[in-house]
Number of protein chains: 2
Amino acid sequence: MNKDKHHHGDLREALISAGIGLMEAGGPAALSLRKCAAKAGVSHAAPAHHFKGITSLKAAIVARSYKIFAETMQTHRHGLTEPRARLVAICEGYLAFARSHAALFQFMFQPFPPDFAQINPPILAELEQYSTLAYRELEQACAPFAPIGGQEGGIEVMVWSLVHGYAMLFASAPEARTPAGTPPDFAQILPAFPLRK
Amino acid sequence: MNKDKHHHGDLREALISAGIGLMEAGGPAALSLRKCAAKAGVSHAAPAHHFKGITSLKAAIVARSYKIFAETMQTHRHGLTEPRARLVAICEGYLAFARSHAALFQFMFQPFPPDFAQINPPILAELEQYSTLAYRELEQACAPFAPIGGQEGGIEVMVWSLVHGYAMLFASAPEARTPAGTPPDFAQILPAFPLRK
DNA sequence: TCTTTAACTTGACACTGTCTAGTTAAAGGA
DNA sequence: TCCTTTAACTAGACAGTGTCAAGTTAAAGA
């Protein structure tokens, strides 16, 4: 741990972990550059040498979230080869992540603030990498099925919209606030879908 | 306008309008109690007499957003009686709002922070009222169609999830970042849906 | 060993939300 | 009309935030 040394050793990683911890404990609003620094045991200005600003740290946290997100879906579909079962498993992984990492899930899909440009390029690349990784999971699960409306990629957009909307509205919310009672399980919704091989 | 008078006249309304203006100009992060007060021409502590804290002001802004949201859907479905056309129109209204009021749309569907309790009860009631109003639009548009999976309300959840997910991912985002090109129009997706009367 | 560079600290600044105390204006009662 | 009460606002202070500038300390390279 490099105790008492001037260099922290792996401050970058420590800051990301601290940030995720803060968000999971108190929601996205609980994230603060200074609190992350304190949790990592460094001064309040230390993060500046690893992240250009708080937007950069946020981007790094989102990148990390996408990584966990993709891994969750991978775990769920592992070993399944039958197309329909595989797609269902991917959706279950999607919803499982939204439930168990509610704060991160909400944070990931928030549009980025206008100061996007200040994010360090390597962080941007990492973000791109893992979000693509997650998207590929969904894409591959949809691949066996015939396109909808003749448009390429239409089926992914349809399934993605459905599972994402459900996750946002019912899985990740603190209380699934449907004015009309408890929503049905997603497992009852997806099978009603017109998926043809 | 009650110029030079001690009382503003309608500060509450002015603060909500100012808040919406700020958010539409610079995104949700641009909202600040002090900036709202400045825009309304009062001191920085004046809002405290109308909103218990910034969470209350945010709730009031969300309530107002739901009102506009419901009205947008009403306008779109106006005059349509054929069930399918009506449902399509409601969805178009949903997406139109997400596009034209992107910041508000994102903000509305963000889960509330833990300090929910500090929100003034009348604001909470207003929020409840308008969000229910918006939900009723969708509910009524779905009513003519047969339930899915035997579960009551299943069709609403399905349609709502689909249009909401699409709105979040493709309509309200600054750039619809699908790793695989431009997403298809929603008009091509909904018709593929298994809706029976 | 000297120089350079990266990692971090310290201190300051403007900005945020919120609290307390004071002021000003309107409203109600005699 | 005068007095009291109350609501609406101002002014000032406080802790917390992100960010910048300058200094320090440690590691790396020649």
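Naming: A, B, ... by sequence-line order, numbering from 1 per chain. Model, not experiment: these values are computed from the prediction.
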Excluding sequence neighbours, so at least two apart, what forms salt bridge (Lys or Arg N to Asp or Glu O under 4.0 Å) with B/Glu71?
->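 Testing B/Glu71 for salt bridge (Lys or Arg N to Asp or Glu O under 4.0 Å), a comparison that skips the adjacent residues, returns B/Lys67.
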
When you measure from the side chain of [X], which nucleotide among [options] comes out closest?
X	options	result
B/Ala45	C/dT9, D/dT17, D/dT10	D/dT10
B/Leu11	D/dG18, C/dC8, D/dC9	D/dC9
A/Ile54	C/dG17, D/dT10, D/dG18	D/dG18

Mind checking [X] for me? I need base, sugar-phosphate or nothing, with any heavy atom below 4.0 Å counting as a touch.
X	value
A/Lys52	nothing
A/Ser43	base
B/His44	base

Could you give the [atom1]-to-[atom2] distance, from [X] to [N], as a whole number of Å?
X	N	atom1	atom2	result
B/Lys35	D/dT17	NZ	C1'	14 Å
B/Leu57	C/dT16	CG	C1'	14 Å
A/Phe51	D/dT17	CZ	P	18 Å
A/Leu31	D/dT17	CG	P	10 Å
A/Leu33	C/dT9	CG	C1'	15 Å

Derivation of the salt bridge (charged side-chain N to carboxylate O under 4.0 Å, His left out) call for A/Glu92 and A/Arg86 | CA-CA 10 Å; A/Glu92 278 169 1; A/Arg86 187 166 137 150; over 6 Å; no

Plane angle bin for B/Phe69 and B/Tyr94 - parallel if under 30°, tilted between 30 and 60°, otherwise perpendicular |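 Plane angle over 60°, so perpendicular.
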
Relative to each other, are the rings of A/Tyr166 and A/Phe170 parallel, tilted or perpendicular (30° and 60° limits)?
->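 Aromatic pair A/Tyr166/A/Phe170 classed tilted.
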
Between B/Gly53 and B/His49, which is nearer to the 5' end of DNA chain C once each is assigned its nearest nucleotide?
->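 Looking at the nearest nucleotide for each, B/Gly53 comes out on the 5' side.
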
Is a donor-acceptor pair below 3.5 Å formed from side chain A/Arg34 to base D/dG18, judging by atom type as modelled?
->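 Answer is yes: a donor-acceptor pair is held.
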
Got more than 12 heavy atoms from elsewhere within 6.0 Å of CD, B/Glu128?
->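 Incorrect, the count does not exceed 12.
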
If you count the non-hydrogen atoms of other residues, nucleotides and ligands that lie under 6.0 Å from CD in A/Gln118, is the total more than 12?
->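 Yes, CD of A/Gln118 has more than 12 neighbouring heavy atoms, counting only those of other groups under 6.0 Å.
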
Step through it carefully: locate the ring centre of A/Phe105, locate the ring centre of A/His164, and say whether they are under 6.0 Å apart.
->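 Ring-ring flag for A/Phe105/A/His164: true, centres closer than 6.0 Å.
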
Can you find a side chain N or O atom of B/Ser32 that sits less than 4.0 Å from OP1 or OP2 on C/dG17?
->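 The answer is yes; a side-chain N or O of B/Ser32 sits under 4.0 Å from OP1 or OP2.
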
When you measure from every atom of DNA chain C, which of residues 13-24 of chain B have a heavy atom less than 4.0 Å away?
->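 By residue number: none to list.
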
